[in-house]
Amino acid sequence: MTDYSKMSEDQFRQMVRDFISENLPPEMAARWKKMYHPYKPDVVWWTSKLNEVGWSVPGWPVEYGGPDWTIAQRHIFEEEVFLAGCPALSPQGLTLVGPVICHYGTPEQKDFHLPKIRSGEIMWAQGFSEPNAGSDLAALQCRAVRDGDEYVVNGQKIWTSEAHYSEWVFMLVRTSTEGKKQAGISFLLIDLDTPGITIRPIISIDGGHELNEVFFEDVRVPASNLVGEENKGWTYAKELLAEERTFSAEVKRHKGQLRRIKNIARETKIRGRPLIEDPHFQRRLAQLEIEVLAHEATLWRVVAEEEAGILGAAPTPSILKVRGTELVQRLGALMIEALEEAGLPYYAEHDYFLTEPADPPGRPDAYGVSSDFMFRRSLTIYGGSNEVQRNIIAGQLLRN
Amino acid sequence: MTDYSKMSEDQFRQMVRDFISENLPPEMAARWKKMYHPYKPDVVWWTSKLNEVGWSVPGWPVEYGGPDWTIAQRHIFEEEVFLAGCPALSPQGLTLVGPVICHYGTPEQKDFHLPKIRSGEIMWAQGFSEPNAGSDLAALQCRAVRDGDEYVVNGQKIWTSEAHYSEWVFMLVRTSTEGKKQAGISFLLIDLDTPGITIRPIISIDGGHELNEVFFEDVRVPASNLVGEENKGWTYAKELLAEERTFSAEVKRHKGQLRRIKNIARETKIRGRPLIEDPHFQRRLAQLEIEVLAHEATLWRVVAEEEAGILGAAPTPSILKVRGTELVQRLGALMIEALEEAGLPYYAEHDYFLTEPADPPGRPDAYGVSSDFMFRRSLTIYGGSNEVQRNIIAGQLLRN
Amino acid sequence: MGMKVLPTEEQVMFRDAAARWVEQEAGSGADMAAQWGQFAELGWLMVAIPEDQGGLDGNVYDNAIIAEELGKGLVAAPYVGVAVTATQLLLALAPERAEAVASGEEIPLVAHVEAGQGGDPSWVETTATQAGDGWSLTGTKTAIIGAPLATSFLVSARTPDGKIGLFEVAADAAKVREYLLFDMRPAGDLVLDATPATLISSDALSAIEFALDCEHVVESAEAVGVMQTAFDLTKDYLNTRQQYGQLIGQFQALQHRLADMFIELEQARSVVLRGLDALVRNGPDRSAMAAACRVKVAQAGHFVGAQGIQLHGGIGVTEEYPVGHHFRQLIAFEMRHGGAGAQVERYASMMEL
Amino acid sequence: MGMKVLPTEEQVMFRDAAARWVEQEAGSGADMAAQWGQFAELGWLMVAIPEDQGGLDGNVYDNAIIAEELGKGLVAAPYVGVAVTATQLLLALAPERAEAVASGEEIPLVAHVEAGQGGDPSWVETTATQAGDGWSLTGTKTAIIGAPLATSFLVSARTPDGKIGLFEVAADAAKVREYLLFDMRPAGDLVLDATPATLISSDALSAIEFALDCEHVVESAEAVGVMQTAFDLTKDYLNTRQQYGQLIGQFQALQHRLADMFIELEQARSVVLRGLDALVRNGPDRSAMAAACRVKVAQAGHFVGAQGIQLHGGIGVTEEYPVGHHFRQLIAFEMRHGGAGAQVERYASMMEL
């Protein structure tokens with residue numbers, strides 16, 4: 001295995017770029033630069049490609065196939081693959097449930113699941129939110145009742161990204177109603193082919209299909225699919241989210257947006273002059289680029305502090321999430337403004353994302369921009385709404 | 001008495017302009033265009049001048065000397081006198097306690113106080129806030145205990161504008177601790193020459209002196225100075241504030257600020273070019289001018305609805321206050337930006353505002369701009385902080 | 001301050017009728033052509049047409065009142081485009097045509113906007129050349145809302161003498177590239193390639209400017225309607241949805257957001273009244289006020305729509321819940337006529353300095 | 001991502017020493033001259049000077065660490081102006097002078113800013129003409145913080161060949177119009193009217209640019225200190241002040257405001273590290289990063305200072321409570337070098353398009 005620890009950041013970055021230019025098909029890159037919802041065939045193909053060199057699971061322990069990158073290297077990798085237009089890997093398996101299985105899974109769970117996650121052979125959905133457990137996740141009610149060596153699951157999950165083309169789902173289920181509401185929650189792995197599961201699409205306001213509702217009716221799940229101990233699922237879920245504390249910063253997306261805004265503003269001619277030459281537009285763009293710089297520097301600070309084993313400013317993940325998501329929306333707003341009427345046509349990633357979307361009329365550089373702008377309203381809502389994040393930040397500050 | 005009801009708005013406006021140009025000494029106008037704290041000699045002189053034609057108390061009932069203007073006419077008047085640089089009338093007597101005495105005062109109170117308020121002979125301070133009763137005004141603790149035909153007042157008031165050059169103060173005092181905290185409050189008039197009163201200046205961060213703390217130690221006040229009934233003061237105070245529901249919109253100040261920003265931006269040359277010609281600056285200015293237009297149109301709507309006897313959007317005063325005060329601060333920020341370093345020198349309205357301030361070095365058009373910017377931080381705090389106003393707005397919306 | 005604020009009795013009747021219509025018909029699945037017949041019957045297409053031309057002798061205020069109600073229901077039929085923009089243009093340049101529009105018999109749509117115009121009505125790159133007795137036009141007009149319904153297009157084009165003329169192209173003689181806007185309203189681009197056209201006026205710029213100013217303001221009124229519903233949905237949601245064992249409307253941070261939404265909504269409503277006033281007065285500030293109107297309403301709409309979604313949480317981004325539809329239409333409003341930024345620039349160019 | 005984030009042990013020592021000094025001396029009423037002697041003794045004036053010129057061989061990071069602590073205490077003595085701007089300029093153009101500055105014996109201040117410069121270092125209208133053996137300068141340099149303490153001024157001026165030279169004018173030979181800034185720091189304008197001066201360099205622009213970039217970043221670090229105290233005061237106040245029978249820190253709207261203040265503070269702190277990194281690397285992005293630093297810190301400071309006052313309520317606008325003083329100094333920071341808006345423009349002019 002390559003020893004990455006000896007590489008400078010520039011060397012590492014160059015290595016990633018070389019890999020991409022040798023392996024990423026240009027038509028796939030072109031497709032991904034306009035798309036914003038996952039397209040399964042590309043995702044699976046690219047996951048397996050990365051797996052060949054051991055790069056599909058940068059966050060995993062070495063003994064389970066992780067490449068032993070520093071946090072900084074992981075960020076460089078993420079940025080490079082994103083900006084080059086590589087297919088977005090599905091995070092549920094690779095970065096969410098994978099590490100939990102690594103840490104808490106039984107030997108059988110590890111043997112069965114980890115290789116299939118790494119290679120992209122099995123894709124995962126995350127079953128956490130419920131209709132009445134959104135911001136207040138611990139209020140979840142989907143029940144799993146032990147019956148012999150099985151759990152019988154009844155209930156509903158919602159906002160389940162990619163469930164319609166995933167093979168498995170990892171769930172938080174209620175196994176006890178005693179004590180605090182956080183106390184009776186367990187972490188369960190379920191094969192989506194199990195009888196009793198119904199998946200219903202949720203179409204989002206961009207016209208796309210990424211989200212789903214999943215209904216469970218007397219779904220019988222082997223007890224051996226329980227991860228860790230019964231009623232301790234809340235702890236694992238929290239660790240799973242904390243593990244990724246710096247990866248919700250969205251910096252790579254901001255950089256992609258800045259590039260795309262500049263491209264659009266070069267192409268948009270207002271009364272014959274490229275918009276990019278308008279002093280007012282330039283300064284608004286400069287202002288946002290400065291915001292991105294400061295945000296990226298915050299990310300770097302946190303990464304350096306993490307690598308040095310220092311906790312740093314305590315509510316860091318919340319800060320990165322709030323600022324990162326809000327910047328995505330502000331950049332999106334400037335981008336649609338730069339498009340004027342050219343951004344108005346509906347760009348339908350319509351066919352449930354199992355086929356490539358059709359191109360609407362108009363400028364190719366406008367494809368998907370306004371749809372993406374619509375869909376990204378969700379950024380400030382999911383994963384703990386920004387209101388919840390601000391509660392967390394203030395709570396930590398005022399306790400200290 | 002002139003019948004103003006027959007006048008068109010344009011005629012009315014012209015009449016006010018004519019009066020100003022005939023009566024306002026040019027040096028006084030020049031002084032007021034750079035000042036932002038009241039300067040007593042000018043205030044008294046101008047009040048008496050307006051009183052000669054019956055214009056010092058536009059909000060009073062006709063029988064007590066009000067000119068019977070429409071609400072629209074009052075706004076036109078306010079705007080014209082402000083923009084012409086007339087001394088700012090002291091609101092405490094003329095627009096706050098005056099109408100309360102008109103409605104609830106005894107005949108003796110009316111005979112003694114109203115003429116002296118109208119003419120500017122007696123100036124008033126408002127004793128409402130206390131150190132522990134700010135946003136939560138009804139928590140006030142300054143006690144007035146009945147002793148024969150006197151009240152004995154003990155306690156403290158704070159943020160008392162202009163107390164240091166006022167002759168009287170109107171107070172909310174606690175006369176009972178029974179029932180709800182709003183229930184035991186009375187409305188009392190106190191001569192500031194009464195023994196036991198100590199006035200201590202509060203210097204604000206602009207270096208100016210407008211605010212005071214007032215301490216009351218066994219201050220004996222004739223019981224005949226009670227307004228209305230004992231323990232009903234909260235009602236009168238609320239009416240007093242509601243009476244002026246459209247006059248906290250600050251539109252006249254916004255218009256003055258826009259004028260001044262444009263003047264400054266014409267004078268500020270950046271690398272040889274007037275700032276006013278910079279397209280970026282122009283558009284930011286345009287944005288704020290549009291905000292002012294929309295806000296002014298809201299004021300007009302509310303005035304028209306009031307005159308038609310329709311209540312309109314219920315939390316109107318709070319909306320006007322929140323938006324009006326925040327716009328003053330945004331305009332102030334653009335103004336100091338337009339000044340660059342020329343706004344840095346300290347402009348001291350230092351001599352407790354009984355003398356005219358000295359001019360600092362630098363551009364005369366910069367005088368007072370940054371000091372005013374500092375002082376206007378108070379706008380979003382006093383008179384019910386903007387946080388309290390938003391509570392009020394949301395409370396009314398969510399009840400309906 | 002003499003701005004008209006309160007509706008007349010007649011206007012209240014129109015408003016109530018429109019509200020009833022929206023409630024009954026807007027989601028009924030009836031096609032736009034059928035709805036158009038109803039608009040004509042209800043008299044909505046003739047409110048701003050003088051009595052002697054067969055109209056109801058009202059003005060843009062009446063259009064605005066109807067448009068606001070249609071906005072509440074996200075009605076896609078191009079009411080403003082026909083009953084305001086095209087109607088005003090014809091009243092100025094070919095008043096004898098107004099009656100046929102009012103009756104619903106003809107549905108002309110103005111084809112003026114071009115890519116790169118940046119909200120400046122005088123920037124027209126489409127050219128008109130004389131071809132025998134008639135004219136022929138070349139260029140592309142974009143984002144014509146309701147294009148599939150049009151019977152003809154009123155097209156601005158630069159004539160050989162450098163002036164901007166107005167021409168008419170019959171819908172069946174035109175090449176229209178139809179598409180949906182992202183807010184699901186049908187629209188189209190008019191692709192002119194030496195397309196034959198009839199001359200209406202050889203010097204039409206000032207009439208076009210007036211008609212577009214009317215469009216800015218009345219479309220703003222429509223957007224206020226869109227916003228109002230987004231606000232109402234959000235307010236009701238805060239009074240219904242529970243999290244952490246209480247109504248989410250009891251959380252102060254959400255209360256303050258709702259207050260800010262309401263303030264913006266009120267500012268938008270007010271500036272529309274000011275815009276209408278400026279149209280009727282038709283003074284030197286008319287175009288500046290129309291631009292201001294568009295800017296303020298677009299920005300307020302962006303904020304109210306986005307926060308409406310945010311306060312709904314996940315359900316707000318779904319197709320099956322309405323608040324996101326309102327957001328989309330508000331964003332489409334913001335992006336039209338060069339976008340709100342271009343309208344700020346336009347205001348700045350007219351601002352007293 | 002190789003940006004230096006964590007302080008060295010030596011830097012931690014400096015930070016602790018500066019924090020102690022601020023605690024003991026900052027409000028002690030000692031005059032600036034006395035404080036200056038202490039700065040020299042503590043070695044703070046020599047941290048960025050190479051060892052072979054008698055310094056401690058550190059760099060602007062060390063200056064920034066000290067400046068941040070001085071900012072927390074609103075120390076008026078012109079530490080950044082002398083130990084960073086003047087020192088860097090002399091190190092580039094007259095390194096033999098550095099030792100006298102480090103010892104506190106000489107206190108030169110850079111006189112470069114002119115009205116109308118708009119943050120562009122190359123816009124200099126002050127002129128230098130040769131007069132016999134020496135030079136004579138005419139023009140006005142403005143907003144020199146700490147001017148009353150200066151022993152000399154390092155003045156930029158345009159020479160007859162069109163280049164920008166650097167000159168020195170002794171304080172006792174100069175006409176200084178002294179005044180207070182609104183944040184109560186002593187400052188002054190240098191009024192040059194055929195004033196005799198000594199030439200230091202006849203082609204100084206690039207050294208001036210470097211020194212000013214250092215000033216931008218280290219002054220930003222100082223402003224972060226100012227902001228930190230404003231934030232801490234506010235946080236403590238929310239944990240102390242009661243209204244409506246509870247700690248005001250329990251109101252969610254105020255909690256969220258505090259969270260936003262903290263986010264801005266953290267962004268400001270981060271961008272300063274990035275600015276320092278750019279100075280040390282001295283690559284093509286140096287000036288852009290310095291401008292970005294100034295912009296972000298100024299805007300964050302404006303927000304944090306203003307909200308600090310707002311959350312304090314009435315007491316926040318009083319002279320006797322500190323949070324307003326911090327706001328004032330943050331606004332003064334924002335207005336310097338053409339103001340934050342001019343720095344955005346400067347960044348935009350260097351941005352990759």
Side-chain angles (χ1 to χ4, degrees), chain A residues 129 131-136 138-139 158-159 201-209 211 268-273 275 278 280-281 284 329 333-334 336-348 360-363 370-371 373-378 380-382 385-388 390-391 394, chain C residues 113-120 123 125 142-143 145 177-185 187-189 241-245 248 251 253-254 257 302 305-306 309-321 323-325 327-328 331-332 334-342 344-345 348:
Chain A
S129 293
N132 290 307
S135 290
D136 183 10
I158 195 167
W159 316 126
I202 298 176
I203 306 302
S204 43
I205 52 170
D206 56 301
H209 176 202
L211 307 168
T268 300
K269 306 242 179 344
I270 304 293
R271 292 187 291 283
R273 184 174 73 158
L275 180 60
D278 173 47
H280 180 64
F281 187 82
R284 291 170 64 208
Q329 294 177 346
L334 189 63
I336 60 167
E337 189 179 321
L339 279 174
E340 320 176 80
E341 283 84 356
L344 286 171
Y346 174 50
Y347 172 84
R363 285 164 55 175
S370 6
S371 305
F373 174 76
M374 297 299 157
F375 184 67
R376 298 294 162 208
R377 298 318 308 178
S378 61
T380 48
I381 295 170
Y382 74 37
S385 74
N386 284 17
E387 287 75 22
V388 170
R390 286 188 167 87
N391 287 346
Chain C
V113 171
E114 302 177 11
Q117 203 167 54
D120 177 351
W123 183 269
E125 292 188 305
T142 193
I145 293 185
R177 193 164 54 200
E178 294 185 5
Y179 52 88
L180 290 179
L181 302 192
F182 57 67
D183 64 9
M184 303 301 148
R185 283 183 291 177
D189 292 350
R241 168 81 171 168
Q242 301 224 354
Q243 286 282 275
Y244 301 102
I248 61 173
F251 289 102
L254 307 199
R257 201 84 54 80
H302 191 130
I309 290 179
Q310 183 69 24
L311 296 192
H312 275 83
I315 198 178
V317 292
T318 66
E319 185 63 37
E320 61 192 301
Y321 190 86
V323 74
H325 307 188
F327 176 65
R328 288 192 306 224
I331 297 299
E334 181 185 10
M335 288 169 73
R336 278 164 54 70
H337 291 288
V344 173
E345 182 184 356

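This structure is a prediction, so every number in the text was calculated from the model and none was measured. Order of the sequence lines fixes the chain letters, A, B, ..., with proteins taken first and strands second; residue numbering starts at 1 for each chain.
Side chain of C/Gln243 to main chain of A/Ser135: a donor-acceptor pair is present (N/O by atom type, distance under 3.5 Å, no hydrogens or angles). A donor-acceptor pair under 3.5 Å links the side-chain atoms of A/Glu341 to the main chain of C/Gly338, judged by distance alone. With hydrogens and angles ignored, the 3.5 Å screen pairs a side-chain donor or acceptor of C/Arg328 with a backbone N or O of A/Ile205.
A donor-acceptor contact closer than 3.5 angstrom links the side chains of A/Glu387 and C/Gln310.
Within the 4.5 angstrom heavy-atom criterion, no atom of C/Ala187 approaches chain A. Looking at C/His312, there are no atoms closer than 4.5 Å to chain A (heavy atoms on both sides), in backbone or side chain. Neither the backbone nor the side chain of A/Ser371 comes within contact range of chain C, judged by heavy atoms closer than 4.5 Å. For C/Ala253, no part sits under 4.5 Å from any heavy atom of chain A, backbone or side chain. Heavy atoms closer than 4.5 Å to chain A are found in the side chain of C/Leu254, but not in its backbone. Only the side chain of C/Arg241 has a heavy atom closer than 4.5 Å to any heavy atom of chain A. Using a 4.5 Å cut-off between heavy atoms, A/Ala338 does not touch chain C at all. Heavy-atom distances place both the backbone and the side chain of C/Arg336 under 4.5 Å from chain A. Contacts between C/Phe327 and chain A at a heavy-atom distance below 4.5 Å involve the side chain alone, from C-beta outward. Residue contact with chain C, scored on non-hydrogen atoms closer than 4.5 Å, involves the side chain of A/Phe373 exclusively. For A/Ser204, the parts lying under 4.5 angstrom from a heavy atom of chain C are both the backbone and the side chain. Heavy atoms closer than 4.5 Å to chain A are found in both the backbone and the side chain of C/Thr318.
Taking CD from C/Glu334 and CD1 from A/Ile336, the interatomic distance works out to 5.5 Å, rounded to the nearest 0.5 Å. One finds the CD1 atom of C/Ile309 at 8.0 Å from the CE atom of A/Met374 (value rounded to the nearest 0.5 Å).
In this structure, C/Val344 and A/His280 have side chains that are not in contact, with every pair of non-hydrogen atoms separated by 4.5 Å or more. Within the 4.5 Å cutoff, side-chain heavy atoms of A/Leu344 are placed close to those of C/Phe182.
Shown here for A/Tyr346 and C/Met184, the closest heavy-atom pair between the two residues is CE1-CE, 3.5 Å. A/Glu340 and C/Ala115 get closest at one heavy-atom pair: OE2-C, 4.4 Å.
Contacts with chain A were tallied for C/Ala332, C/Ala340, C/Gly313; C/Gly313 has the most, counting heavy-atom pairs under 4.5 Å. With respect to chain A, the highest number of heavy-atom pairs below 4.5 Å among C/Arg185, C/His337, C/Gln242, C/Glu178 belongs to C/His337. Comparing A/Ser385, A/Ala139, A/Ser129, A/Gly134 by heavy-atom pairs within less than 4.5 Å of chain C, the highest count is held by A/Gly134. Of the residues considered (C/Ala306, C/Ala342, C/Ala143, C/Gly119), C/Ala306 shows the highest number of contacts with chain A, using heavy-atom pairs under 4.5 Å. Chain C forms the most heavy-atom pairs under 4.5 Å with one residue out of A/Ile202, A/Asn132, A/Ile158, and that residue is A/Asn132.
Looking at A/Lys269 and C/Glu125, no side-chain N of the basic residue comes within less than 4.0 Å of a carboxylate O on the acidic one, giving no salt bridge.
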